[in-house]
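The structure appears below as structure tokens.
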Amino acid sequence: LGELGQRARDVLAANDLGTMVTAAPNLYPHMWSWDAAFVAAGLSTMSVARALQELDYLLAAQWNSGMIPHIVFSDVPGYFPDVERWGTRGASPEGVQSSGICQPPVHATLLRRIVERATAAGGEDGRLAEEFARRTLPRWIDWHAWLRNTRGGDGSGLLTIYHGWESGMDNSPRFDGPYSRVRPGEMEPFVRTDTLKVTDHSQRPSDEEYSRYLWLVQQMADVGFDDARLPKVMAFQVKDVFMSAIFAAANEDLAVLAEQFGHSEEAPQLRQWSQEFRQGVDATVDQGTGLARDRDVLTGEWIGLPTIAGFAPLISTGSQPLLDRQLGIFEGPDWTGDPRLAFPLPASTSTTYEGLKPRQYWRGPVWPVMNWFLAHCLRRRGDEERYRQLREASLAQLMEGHFGEYYEPFTGEPLGSMDQSWTAAVALEWLA
Ligand code: DGY
């Protein structure tokens with residue numbers, strides 16, 4: 001385990017450009033919003049100062065609206081779509097090079113983790129963490145207010161996404177229905193760079209998927225990324241239940257930080273949002289399957305596929321009977337109780353799902369970052385036992401030492417990008 005920790009620290013150091021830790025060395029040479037939050041937590045096990053610098057760098061790219069963009073570009077060339085293709089210049093603040101969409105708001109949850117560990121240790125680290133929290137809380141609150149008001153303003157307790165990339169689970173079968181109705185129009189030609197780097201193309205989204213992804217980028221750029229116009233023009237609009245659960249948890253964590261660090265007047269609002277989104281998530285649960293569902297805003301259809309997003313209430317802490325039922329499913333034969341699994345960890349779709357593609361991105365592989373996040377949320381409500389079980393299985397999975405972006409569920413083979421920063425970061429969290 002000592003060696004695993006050292007390797008993980010080496011990965012983060014090697015991916016560190018000084019200004020940012022890139023999400024991965026080749027495939028993702030920039031900062032991704034939710035990756036950065038996990039990376040900061042991992043960095044904080046080595047240096048609290050460096051971890052906070054990472055979050056500061058992300059915050060420096062926050063748009064005037066409050067949105068935190070999903071990519072902050074470095075100067076490293078070779079990633080597509082780059083800032084030019086995004087067409088965000090003019091919409092983003094002066095000097096910021098970013099994409100024009102968001103990603104799941106895990107930041108407050110990870111920030112609370114960093115701050116609690118640093119303040120418990122005391123000394124200079126504790127002082128730095130407290131200063132950071134006091135100074136940046138208004139910015140994180142702006143981010144949450146933007147999400148609540150522009151993406152969840154209908155009071156449904158569910159956030160709308162306008163691109164699968166916003167979910168972070170790009171090609172999950174959750175989005176197949178909504179994407180099937182996206183018909184790309186006239187578009188500048190493009191050459192993908194991801195498939196030059198991951199040469200086994202079966203591990204990445206397909207070209208057809210990519211043309212839809214790019215079409216949605218163009219639709220946003222055409223209206224200047226104007227929040228008010230997106231609902232009128234976008235061909236993809238989904239109530240994302242997993243992102244909404246993350247938001248419920250993050251509001252609770254932000255409220256705790258606000259109370260502790262000089263912004264207690266904001267805490268009731270944050271708690272109210274937490275409650276609103278917890279209820280919104282619970283209300284999506286299919287009584288038949290016991291899983292939470294997304295909803296296609298444009299057709300009104302529920303999306304009830306057996307993906308890991310179905311366990312959203314484990315993140316947002318749903319009602320106790322619901323949690324008990326979900327944990328039963330989670331540990332049952334379609335999920336972590338499937339004896340064929342290399343490790344008892346949840347795959348991105350159930351292992352008995354007919355559409356399972358065990359090597360393809362969000363269509364089946366196991367994602368280490370998800371396992372840590374789920375375990376962390378379970379532990380927050382006192383479930384030390386499940387945290388311990390997931391930790392043991394995760395460390396056993398990661399011992400092979402490549403820090404894959406994702407893993408084949410039945411063989412444990414690392415897939416996608418190797419030396420993925422957030423995988424190294426969660427290894428450090430497991431070991432902390
Ligand atoms: C990618 O490049 O695959 C990312 O997931 C998009 O944000």
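Both ligands and their constituent atoms are indexed starting at 1 by order of listing.
- Between Trp367 and Tyr361, the distance separating the two ring centers is shorter than 6.0 angstrom.
- Taking the six-membered ring where tryptophan is involved, the planes of Tyr79 and Phe73 are tilted, since the angle between them lies from 30° to 60°.
- Listed by chain and residue number, Arg278 satisfy the side-chain hydrogen bond (donor to acceptor under 3.5 Å, both in side chains) test with Ser274 (two or more places apart in sequence, or in another chain).
- No donor-acceptor distance shorter than 3.5 angstrom exists from the side chain of Asp294 to the backbone of Ile303, with no hydrogens or angles considered.
- The side-chain hydrogen bond (donor to acceptor under 3.5 Å, both in side chains) test applied to Thr284 returns no partner, not counting sequence neighbours.
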Review item, side-chain donor-acceptor pairs of residues 30-40, under 3.5 Å, at least two apart:
unit_1	atom_1	unit_2	atom_2	d
His30	ND1	Ser74	N	2.9
His30	ND1	Ser74	OG	3.1
Ser33	OG	His107	NE2	2.8

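- Contact residues for ligand 1 (protein heavy atom closer than 4.0 angstrom to any ligand atom): Tyr28, Trp32, His70, Tyr79, Trp165, Asp170, Arg204, Tyr210, Tyr361.
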